[in-house]
2 protein chains.
Amino acid sequence: MPRERAARKGTASTMQRRAPRARAAAPARDAEASRARILEAATAEFAAHGLAGARVDRIAVAARANKRMLYYYFGNKDALFAAVMAQAYSDIRAAEQALELHRHEPVEGVRRLVAFTWKYFVTHPEFVTLLNSENLHRARHVKGIANIAAIQSPLIATLADVLARGEREHLFRAGVDPVQLYISIAGICYFYFSNRHTLSTIFARDLMSPRAQAARIAHMTDVILGYLLLPHAPLHRSP
Amino acid sequence: MPRERAARKGTASTMQRRAPRARAAAPARDAEASRARILEAATAEFAAHGLAGARVDRIAVAARANKRMLYYYFGNKDALFAAVMAQAYSDIRAAEQALELHRHEPVEGVRRLVAFTWKYFVTHPEFVTLLNSENLHRARHVKGIANIAAIQSPLIATLADVLARGEREHLFRAGVDPVQLYISIAGICYFYFSNRHTLSTIFARDLMSPRAQAARIAHMTDVILGYLLLPHAPLHRSP
DNA sequence: CGTGCAGTTAACCAAAGAGTTAACAGGAGC
DNA sequence: GCTCCTGTTAACTCTTTGGTTAACTGCACG
């Protein structure tokens with residue numbers, strides 16, 4: 001099946017655009033806004049139904065755009081999904097950057113990372129299901145995103161710094177791989193959250209009540225700090 | 001859409017069946033075998049493509065059965081998926097039961113649980129993707145399985161016993177919730193494994209090489225035991 | 001040895017789905 | 001005020017898909 005023409009790729013956001021008509025009046029035709037609405041609607045649709053379960057027509061309706069526009073801007077369903085993934089990664093990277101772990105004491109830094117990770121999943125449930133979908137497809141789309149490998153590096157570097165400081169201050173054990181630790185922190189948050197529906201059913205208890213969430217955060221912090229803190233370090237218990 | 005007739009539910013395995021014709025000769029028509037082949041094919045198909053991405057025709061071909069048979073035995077695609085989930089849970093429960101944690105010292109018991117959980121995911125990757133699919137659908141199918149809540153209890157009870165023994169022997173910290181711990185152990189295994197494709201891409205390193213797997217198991221064990229073991233307990237390091 | 005049901009088959013169907021066609025309009029540049 | 005490109009629209013197509021119809025057969029049982 002021949003593609004009619006190459007879809008415009010993400011560069012839209014880089015081009016200058018002088019405001020049309022009176023400033024801030026709703027423009028009759030606004031490419032940027034249309035594209036953004038489609039991407040937003042697609043994110044919700046793919047997150048809710050997965051790649052195969054998502055419906056192009058539903059996305060168009062939700063975006064208040066003609067179906068044709070999805071193809072005009074993104075090429076096809078698969079490419080649209082790839083754009084959604086790219087945006088999702090870009091979003092979480094931005095949020096991580098705002099964490100500024102280097103500004104905190106090692107113990108507090110780790111605490112904040114655990115709390116942040118949990119909060120991010122809870123406030124961005126779409127990220128979790130999108131990630132699951134992308135892995136069902138063996139990261140096919142993410143592999144096509146150019147600088148994806150560089151994306152996670154900043155946080156890992158910052159975490160490495162936190163670990164190094166903790167080690168230097170004789171608080172943390174030595175030789176911890178920041179990537180392993182990052183994955184473990186993400187994992188204890190992710191599994192509980194992503195599988196909350198089956199887990200709640202199997203354990204017959206509401207895992208997402210405020211109390212349950214607080215207990216989970218406390219437990220996760222205990223696990224990670226229990227692992228990191230040296231036996232003779234001060235503050236071996238959370239306050 | 002009216003359902004033509006109620007689909008036979010799982011009770012097939014409970015009914016006695018005298019061997020037809022000469023023993024062990026391939027029977028021309030074998031309901032049990034047909035049903036089993038369909039379930040097996042459906043498991044693979046749903047695991048590979050998710051609920052929406054799975055194709056009923058592909059399942060039929062893979063099961064060497066007429067498509068009609070899926071509807072004859074299971075009713076519809078959704079019910080077939082539910083049957084697959086029920087089987088998947090039943091399988092992992094059986095494997096957990098074979099663990100016999102109560103036979104081991106507390107520290108060794110925890111080690112085995114971590115190693116087992118990892119190994120189970122690696123050898124049953126379909127379980128992981130099925131679980132993701134089921135949660136995408138908010139555990140809709142699992143909620144319909146009668147005794148699903150009871151299913152996980154035995155392992156939790158055994159883990160609680162391991163923790164109690166460890167506590168009594170002044171090895172483990174007190175007050176650990178076995179459900180929280182179980183979820184954490186599963187989580188550190190699950191996230192790494194389930195998201196291995198995106199993680200490998202983002203970190204630009206093969207997370208599934210034998211060396212990487214060994215490193216992961218060592219790290220996970222360190223995390224869990226690092227959390228559980230009391231500061232003055234013997235064997236504070238893995239051998 | 002024939003009868004009736006569980007099990008099986010091929011062919012069929014209507015709906016839904018991704019993607020396309022072709023025509024049309026806003027508005028910046030001239 | 002004409003031109004032309006970008007953005008937008010409605011209607012259409014062709015394939016795939018879950019599910020069904022109806023006929024047929026092996027075989028256990030009487």
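Naming: A, B, ... by sequence-line order, numbering from 1 per chain. Quick caveat, the model's predicted, so the values are computed rather than measured.
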Item to check | Integer-rounded Å distance: D:dG19 P and B:Phe74 CZ | outcome: 14 Å
Next on the checklist: Does B:Ala52 reach a base, just sugar-phosphate, or nothing at all? Heavy atoms under 4.0 Å.
Outcome noted: nothing
Checklist entry - Expressed in angstrom and rounded to an integer, what is the separation of A:Tyr71 atom OH from C:dA22 atom C1'? => result 17 Å
Checklist entry - Between C:dT9 and B:Tyr72, is there an OP1 or OP2 to side-chain N/O distance shorter than 4.0 Å? => result no
Next on the checklist: Show me the pairs that pass side chain to side chain donor-acceptor pair (under 3.5 Å) and involve residues 113-126 of chain B, at least two apart or across chains.
Outcome noted: B:Trp118-B:Gln213
Item to check | Positions of residues 55-66 of chain B (non-hydrogen atom under 4.0 Å from DNA chain D), listed by number | outcome: B:Arg55, B:Val56, B:Asp57
Next on the checklist: Between B:Glu100 and B:Arg103, does any side-chain N to carboxylate O distance fall below 4.0 Å?
Outcome noted: yes
Item to check | Pairs where residues 129-141 of chain A contributes a residue and the test salt bridge (charged side-chain N to carboxylate O under 4.0 Å, His left out) is met, not counting sequence neighbours | outcome: A:Asp78-A:Arg140
Checklist entry - In chain order, what residues pass the side chain to side chain donor-acceptor pair (under 3.5 Å) check against B:Arg216, with sequence neighbours excluded? => result A:Gln180, A:Ser184
Next on the checklist: Side chain of B:Arg68, heavy atoms from C-beta onward: which of D:dG19, C:dA18, C:dA10 has the nearest atom to it?
Outcome noted: C:dA10
Next on the checklist: Measuring to OP1 and OP2 of C:dT8, would you say a side-chain N or O of B:Ser34 lies under 4.0 angstrom away?
Outcome noted: yes
Next on the checklist: Is the distance from the ring center of B:Phe81 to that of B:Phe46 below 6.0 Å?
Outcome noted: yes
Item to check | Cation-aromatic face contact B:Arg196/B:Phe193, 6.0 Å, 45 degrees | outcome: yes
Checklist entry - To the nearest angstrom, how far is A:Ile38 atom CD1 from D:dG7 atom P? => result 11 Å
Checklist entry - Shortest non-hydrogen contact from A:Ile59 to A:Ile38? => result CG2-O, 4.0 Å
Checklist entry - Which of residues 39-51 of chain A sit near DNA chain C, with a heavy atom under 4.0 Å from it? => result none
Item to check | Pair listing, salt bridge (charged side-chain N to carboxylate O under 4.0 Å, His left out) test, anchored in residues 48-62 of chain B, at least two apart | outcome: B:Glu45-B:Arg58, B:Asp57-B:Lys67
Next on the checklist: Please report the distance, rounded to the nearest Å, between CD in B:Glu32 and P in C:dA6.
Outcome noted: 15 Å
Checklist entry - How far apart are the closest heavy atoms of A:Tyr190 and A:Asn132, and which atoms are they? => result OH-OD1, 2.8 Å
Checklist entry - Base, sugar-phosphate, or nothing for B:Ala33, non-hydrogen atoms under 4.0 angstrom? => result nothing
Next on the checklist: Counting only side-chain heavy atoms from C-beta out, which of C:dT9, C:dT20, D:dT20 sits nearest to B:Met69?
Outcome noted: C:dT9
Checklist entry - For DNA chain C, whose closest nucleotide is more 5', that of A:Lys67 or that of B:Lys67? => result B:Lys67
Checklist outcome for this item: Closest of C:dT20, C:dG19, D:dG19 to the A:Asn76 side chain is C:dG19
Next on the checklist: Looking at the base of D:dG19, is there any donor atom on it, or on the side chain of B:Lys77, that sits under 3.5 Å from an acceptor on the other one?
Outcome noted: no
Checklist entry - If only atom types and distance count, is the side chain of A:Asn135 paired as donor or acceptor with the main-chain N or O of B:His197 below 3.5 Å? => result yes
Next on the checklist: In this structure, how many angstroms lie between the C1' atom of C:dA25 and the CG atom of A:Asp30, rounded?
Outcome noted: 16 Å
Checklist entry - Hey, does the side chain of A:Tyr73 come within less than 4.0 Å of D:dT6's phosphate (OP1/OP2), counting only N and O? => result no
Checklist entry - Rounded to the Å, how far apart are B:Arg35 CZ and C:dA6 P? => result 16 Å
